[in-house]
Q: 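First, the structure itself, so that you have it in front of you.
Treat the numbers as computed from the prediction; the structure is a model and nothing was measured. Values reported hereafter were calculated over all heavy atoms of this structure, with side chains retained and with hydrogens, waters and symmetry mates removed. Here is how names work: the chains are called A, B, and so on, in the same order as the sequence lines, proteins then strands, and each is numbered from 1.
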Amino acid sequence: MEKIIEVCHLQKFFGENEVLKDINFSVSKGEVVCIIGSSGSGKSTLLRCLNLLEQPTSGEILYHGQNILEHDMSNAVYRAKMGMVFQQFNLFNNLSVLENCTVGQIKVLKRNLQEAKKTAMEYLELVGMSGFIDARPHQISGGQKQRVAIARALSMEPEALLFDEPTSALDPEMVGEVLKVMKSLAGSGLTMLVVTHEMSFARDVAHRVVFMDGGIIAEEDTPDVIFNNPKNERTRIFLKRILDN
Amino acid sequence: MVVDANSSFFQWVIYIIQNYWPLFLRGAEVTLIISLTGTIIGFTIGILIGIIRTIPIDNNTHILKRAVYKVVNVLLLIYIEVFRGTPMIVQAMVVFYGVAMIWGIHLTTFVAGIFIVSINTGAYMAEIVRGGIISIDKGQFEAAHAIGMTHAQTMAYIVLPQAIRNILPALSNEFVINIKDTSVLNVIGVTELFFQSKSAAGNNYRYFEVFLITCLVYLVMTFTVTRILRYFEKRLEGPDVYTIHGSQTVPEAEIKIVGRQ
């Protein structure tokens with residue numbers, strides 16, 4: 001299948017600290033990949049490197065075969081193709097729910113207001129937030145904010161959507177509504193890369209699960225193999241610890 | 001009404017008000033115009049400097065760009081330090097007589113007054129704006145970058161609207177300070193309220209009576225301005241009310257949600 005992103009020998013240092021050590025992996029069109037692993041294993045850093053929110057120290061990130069770390073490609077153009085959903089939602093506080101979903105379309109994709117509103121409404125409908133278009137971010141709940149954040153990312157019609165622990169900052173009773181939306185997106189054929197601690201989501205929805213440990217990809221395989229028959233000892237220990245809780 | 005040395009305090013006050021009210025009014029007008037214009041221009045200077053001083057520069061930035069940025073930054077810092085570290089009354093003297101001597105430019109006292117208040121306010125506002133920008137959550141920048149906005153777009157549509165709303169109280173504070181501090185411009189002969197009061201007092205040798213009236217005029221101005229600006233600050237916080245469109249059973253329903261959480 002057509003590869004959207006391919007990562008080669010990616011390395012990231014924070015000062016002396018090597019957070020990512022020689023990462024190689026790829027995401028194909030329509031694939032849902034979950035990245036799991038304990039805190040500090042480099043999952044989020046990897047995801048943030050893919051959207052250039054962190055600048056990799058060395059290595060290559062190929063987008064349709066083209067290295068985005070070379071300066072002939074604008075960061076902004078590439079980022080618009082990679083949607084991002086944050087742990088802390090990061091809705092624009094000065095804008096209403098609807099404006100959150102239209103501002104990028106208008107300013108970055110240069111769509112007109114009518115078109116932008118139409119697209120935004122379509123995706124707000126999809127995440128079940130079309131009733132709240134006039135609300136401000138501080139007026140809605142965490143789960144609602146995250147659903148708006150997903151609609152905002154989708155409104156840009158990205159090629160892939162990156163999720164950075166999208167449910168970790170939510171109250172337990174709101175996790176379900178966000179996972180439900182993500183499940184339906186996965187079912188619609190969207191390319192998704194999800195850093196998560198929700199093991200049931202990874203098991204049920206992912207096509208492939210990547211287990212990271214200490215800055216390397218320790219194991220990657222189908223959810224069935226990872227959860228039922230892991231080959232790597234560290235994967236086994238991690239899953240046992242997390243599933244026992 | 002005729003007054004003499006034996007007239008009472010109140011007689012003098014009434015006499016001065018009756019005979020000199022146009023003078024006070026003109027002085028108050030000049031004071032307001034200079035402080036308002038100076039605050040607006042100073043705020044603009046502050047925003048520009050705040051934006052420049054928060055441009056992200058890292059190791060990937062071109063070396064020439066970095067060098068230019070460093071030089072500009074140092075110049076801006078010197079400007080901020082000099083104008084925050086010296087009294088405006090001294091700045092007024094240096095600027096007014098300095099530009100005349102060095103460049104041969106003879107500013108009218110009015111223009112010089114606006115100029116001095118502007119650059120003085122600019123120096124203060126620059127740091128306030130920078131603080132306002134820095135205090136905006138990093139997530140707002142990241143989310144804007146993630147949907148493909150450039151740094152300029154992020155600032156214009158996401159960060160500055162939030163930062164400016166946060167620094168509005170500081171801006172109105174600066175305006176009130178300027179209303180009071182323009183009084184120092186009398187040293188270069190700007191005909192603002194203090195200057196006019198001085199001539200009214202000098203004509204009659206009545207300093208206490210005149211300046212008590214002056215005091216009241218200043219108080220009325222600062223009090224009114226504070227109330228007006230507070231009203232605008234409140235309105236800029238955005239609506240307390242929003243509508244939920246539709247419900248699961250009645251699609252055309254509208255529910256008004258009042259009050260903030």
Side-chain angles (χ1 to χ4, degrees), chain A residues 48 51-55 57 69 71 74-101 103-109 121 124-125 128-141 149 152-153 155-156 158 161-162 164, chain B residues 56-62 65 132-133 135-168 236-261:
Chain A
R48 291 167 59 82
N51 205 358
L52 298 180
L53 289 175
E54 303 289 351
Q55 199 68 28
T57 311
L69 299 178
H71 279 287
S74 147
N75 286 357
V77 170
Y78 168 72
R79 277 169 170 159
K81 306 268 188 197
M82 293 289 131
M84 182 96 174
V85 175
F86 298 88
Q87 183 177 353
Q88 299 295 340
F89 331 124
N90 296 344
L91 290 185
F92 302 132
N93 293 325
N94 56 321
L95 303 177
S96 71
V97 163
L98 182 65
E99 288 164 340
N100 260 279
C101 299
V103 67
Q105 297 184 65
I106 294 167
K107 304 301 177 191
V108 179
L109 304 179
M121 284 310 292
L124 282 168
E125 195 91 42
M129 286 300 291
S130 57
F132 292 81
I133 50 173
D134 298 330
R136 300 256 150 187
H138 66 86
Q139 291 166 323
I140 56 180
S141 74
R152 173 176 69 182
S155 296
M156 299 296 290
L161 208 44
L162 313 175
D164 187 6
Chain B
I57 294 289
D58 58 30
N59 294 332
N60 296 318
T61 314
H62 193 279
K65 221 167 143 189
I133 292 172
S135 70
I136 299 299
D137 180 26
K138 209 169 127 253
Q140 299 283 309
F141 288 88
E142 290 192 342
H145 290 158
I147 56 172
M149 284 195 188
T150 60
H151 177 72
Q153 288 174 324
T154 305
M155 291 304 276
Y157 306 121
I158 308 300
V159 175
L160 280 179
Q162 297 182 47
I164 288 174
R165 203 176 57 192
N166 292 349
I167 62 183
L168 272 185
L236 270 169
E237 276 171 18
D240 275 358
V241 180
Y242 70 101
T243 308
I244 296 180
H245 301 275
S247 75
Q248 307 209 311
T249 43
V250 192
E252 60 278 4
E254 287 195 350
I255 306 160
K256 279 240 181 296
I257 305 293
V258 183
R260 44 187 75 235
Q261 286 139 352

Q: If I measure from the heavy atoms of chain B, does A/Met82 come under 4.5 Å with its side chain, its backbone, both, or neither?
A: backbone

Q: Under a 4.5 Å cutoff for heavy-atom pairs, which residue among A/Asn93, A/Leu91, A/Leu53 has the most contacts with chain B?
A: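 Heavy-atom pairs under 4.5 Å are most numerous for A/Asn93.
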
Q: Considering all heavy atoms of both residues, which atom of A/Asn94 and which atom of B/Gln162 are nearest to each other, and what is their separation?
A: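 The pair with the smallest heavy-atom distance is OD1-NE2, 3.2 Å.
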
Q: B/Ile147 and A/Val108: which non-hydrogen atoms are nearest, and at how many Å?
A: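 Scanning both residues completely, I find the closest heavy atoms to be O-CG2, 3.7 Å.
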
Q: Are A/Arg48 and B/Glu142 side-chain neighbours, meaning at least one heavy-atom pair lies under 4.5 Å?
A: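 Result yes, sub-4.5 Å side-chain heavy-atom pair found.
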
Q: Of all the heavy-atom pairs spanning A/Ala76 and B/Gly148, show the shortest one and how long it is.
A: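 Minimum heavy-atom separation between A/Ala76 and B/Gly148: CB-O, 3.2 Å.
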
Q: Mind listing the closest non-hydrogen atom pair of A/Phe86 and B/Ala146 along with its distance?
A: CZ-CB, 3.9 Å

Q: Can you tell me which of A/Leu52, A/Val103, A/Leu109 forms the most heavy-atom pairs within a distance under 4.5 Å of chain B?
A: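 Looking at each option in turn, the highest pair count goes to A/Val103.
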
Q: Can you list, pair by pair, the side-chain donor-acceptor contacts under 3.5 Å of residues 154-161 of chain B, counting residues two or more places apart and other chains?
A:
{"residue": "B/Thr154", "atom": "OG1", "partner": "B/Thr150", "partner atom": "O", "Å": "2.7"}

Q: Checking the side chain of B/Gln153 only, and the main-chain atoms of A/Lys107 only, is there a donor and an acceptor separated by less than 3.5 Å?
A: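 Confirmed, B/Gln153 side chain pairs with A/Lys107 backbone.
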
Q: Under a 4.5 Å heavy-atom cut-off, does chain B meet the side chain of A/Phe92, its backbone, both or neither?
A: both

